[in-house]
Amino acid sequence: MVVKTINRRFASESETLAVIDFETTGMSPAEGARPTEIAVVLVRDGQLVDRYQSLMNAGLRVPGFIEELTGISTAMVRAAPSADKVMAQAFAFVGDHPLVAHNASFDSKFWDAELGRMGKNRPQEFVCSMLLSRRVFPNAANHKLGTLVQSLRLPATGRYHRALADAEATAYLLLRIQEELSQRYCWSGIRHEHLVRLQRVTRAKLDTWAASQASAGL
DNA sequence: TGCCAGGCCCTCTTTAGGGCCTT
């Protein structure tokens with residue numbers, strides 16, 4: 001299902017990226033937190049081409065401040081399918097596609113923890129749109145997802161702190177980052193592997209590194 | 001008793017400290 005299109009000139013071709021976002025009961029699986037909702041948006045050729053979203057019931061109460069933040073209540077998750085069933089569907093939806101998330105260190109912890117419950121390991125590496133935006137848009141007021149959506153005038157996707165709205169916003173941010181890299185460094189055919197390397201380059205060395213990538217044929 | 005995420009990044013740094021960002 002094609003949802004919206006944004007400047008497909010600058011998108012990598014024939015590579016599908018899976019942008020994910022979790023809503024959870026807390027900050028870390030190590031503290032016993034579990035997901036309450038997940039969304040996955042597939043991005044290909046500069047478009048948001050498919051999406052998966054579901055609330056899930058991991059058998060935990062939703063703390064009051066998180067209900068206030070997300071709008072997701074204990075009653076809502078108790079009426080939802082089991083976390084095991086939802087995560088199995090999400091894993092199948094993502095498949096082997098490279099992963100993207102905003103502040104990926106957060107979402108990757110929950111993704112890995114849920115994979116572990118199924119006895120699986122993650123084969124692909126995460127790209128973090130927050131790390132990329134810190135490098136590409138260093139002068140932004142801050143690098144919160146909502147702030148970047150507003151300052152970069154990205155498409156509105158719905159209520160913040162709901163999984164699908166945040167995953168779509170992250171997908172549009174990713175495409176905007178790719179567009180900026182293409183224009184600034186004359187890159188073409190940007191792939192996940194390039195973004196993985198870019199997010200490890202310090203801001204001070206970014207221009208030099210980017211130029212070397214361009215001369216290497218990116 | 002007191003503390004309680006954690007990886008990244010900047011700087012008044014590197015033998016460290018503190019803010020950012022996610023729920």
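To the nearest angstrom, P of B/dC10 lies 11 Å from CG of A/L206. Between the CG atom of A/L145 and the C1' atom of B/dT22 there is a distance of 10 Å, given to the nearest Å. Rounded to an integer number of Å, the gap from A/L173 CG to B/dC21 C1' is 13 Å. In this structure, CD of A/E23 is placed 5 Å from P of B/dT23, rounded to the nearest angstrom. Between A/Q199 atom CD and B/dG7 atom C1' the separation is 12 Å, expressed in whole Å. Atoms CG (A/L55) and C1' (B/dT23) sit 15 Å apart, rounded to a whole Å. In this structure, A/F126 atom CZ and B/dG6 atom C1' are separated by 15 Å, rounded to whole Å. A straight line from CD1 of A/I66 to C1' of B/dT22 spans 11 Å, rounded to a whole angstrom.
Scanning both residues, A/Q53 and A/E37, for their nearest heavy atoms gives NE2-OE2, 2.8 Å. The nearest pair of heavy atoms linking A/A18 to A/V40 is CB-CG1, 4.1 Å. A pairwise comparison of heavy atoms in A/A167 and A/V41 identifies CB-CG2, 3.8 Å as the closest pair.
Rounding to the nearest 0.5 Å places CH2 of A/W111 at 9.5 Å from CZ of A/R122. The CD atom of A/E23 sits 10.5 Å away from atom CG of A/L164, with the distance rounded to the nearest 0.5 Å.
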task = Begin with the C-alpha distance, continue with both residues' side-chain angles, and end with the deciding distance and a verdict on side chain to side chain contact (heavy atoms under 4.5 Å, CB included) for A/R197 and A/E193.
result = CA-CA 6 Å; A/R197 295 207 297 271; A/E193 62 190 272; 4.1 Å; yes
request  = Assess whether side chain to side chain contact (heavy atoms under 4.5 Å, CB included) is satisfied between A/Y172 and A/V149, documenting all intermediate values.
outcome  = CA-CA 8 Å; A/Y172 286 123; A/V149 166; over 6 Å; no
Identify all pairs in which a protein N or O lies below 3.5 Å from an N or O of nucleotides 17-20 of chain B, and state each distance.
| unit_1 | atom_1 | unit_2 | atom_2 | d |
| --- | --- | --- | --- | --- |
| B/dC20 | O2 | A/R134 | NH2 | 3.4 |

Protein and nucleotides 1-5 of chain B: nitrogen or oxygen contacts under 3.5 angstrom:
none

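Taken residue by residue, residues 67-86 of chain A places heavy atoms nearer than 4.0 Å to DNA chain B at A/L69, A/T70. Contacts between residues 158-166 of chain A and DNA chain B, counted as heavy-atom distances below 4.0 Å, involve A/H161, A/D166.
Around CZ of A/R159, the count of heavy atoms belonging to other residues, nucleotides or ligands within 6.0 Å exceeds 12.
Comparing the P positions of B/dG2 and B/dC20 gives a spacing of 28 Å, expressed to the nearest Å. Between B/dG18 and B/dT14, the distance separating the two P atoms is 13 Å to the nearest Å. Comparing B/dG19 with B/dC4, their P atoms sit 14 Å apart, to the nearest whole Å. Comparing the C1' positions of B/dT23 and B/dG7 gives a spacing of 16 Å, expressed to the nearest Å. For B/dC8 and B/dC12, the P atoms lie 23 Å apart once the distance is rounded to whole Å.
A/F22 is linked by a ring pair (Phe, Tyr, Trp, His ring centres under 6.0 Å) to nothing, counting only residues two or more places apart in sequence or in another chain.
Using a distance-only test at 3.5 Å, with no hydrogens or angles considered, a donor-acceptor pair links the side chain of A/T74 to the main chain of A/V62. At distances below 3.5 Å, not a single donor-acceptor pair connects side-chain atoms of A/T24 with backbone N or O atoms of A/P35. Remark: side-chain polar atoms of A/E15 are paired, donor with acceptor, to backbone N or O of A/H192 under 3.5 angstrom. With hydrogens and angles ignored, the 3.5 Å screen pairs no side-chain donor or acceptor of A/T147 with any backbone N or O of A/N142.
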When the side chains of residues 80-89 of chain A are checked against the rest of the protein, which donor-acceptor pairs come out under 3.5 Å, sequence neighbours left out?
| unit_1 | atom_1 | unit_2 | atom_2 | d |
| --- | --- | --- | --- | --- |
| A/S82 | OG | A/K85 | N | 3.2 |
| A/Q89 | OE1 | A/Y52 | OH | 2.7 |

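With no hydrogens or angles considered, a side-chain donor-acceptor pair links A/H102 and A/S129 at under 3.5 Å.
Picking from B/dT23, B/dC8, B/dC21 the nucleotide with the shortest atom distance to the side chain of A/L131 gives B/dC8.
Looking at heavy-atom distances under 4.0 Å, A/F22 makes contact with sugar-phosphate atoms alone, never a base.
In terms of position along DNA chain B, the nucleotide closest to A/S105 lies nearer the 5' end than the nucleotide closest to the other residue of the pair A/S105 and A/T202.
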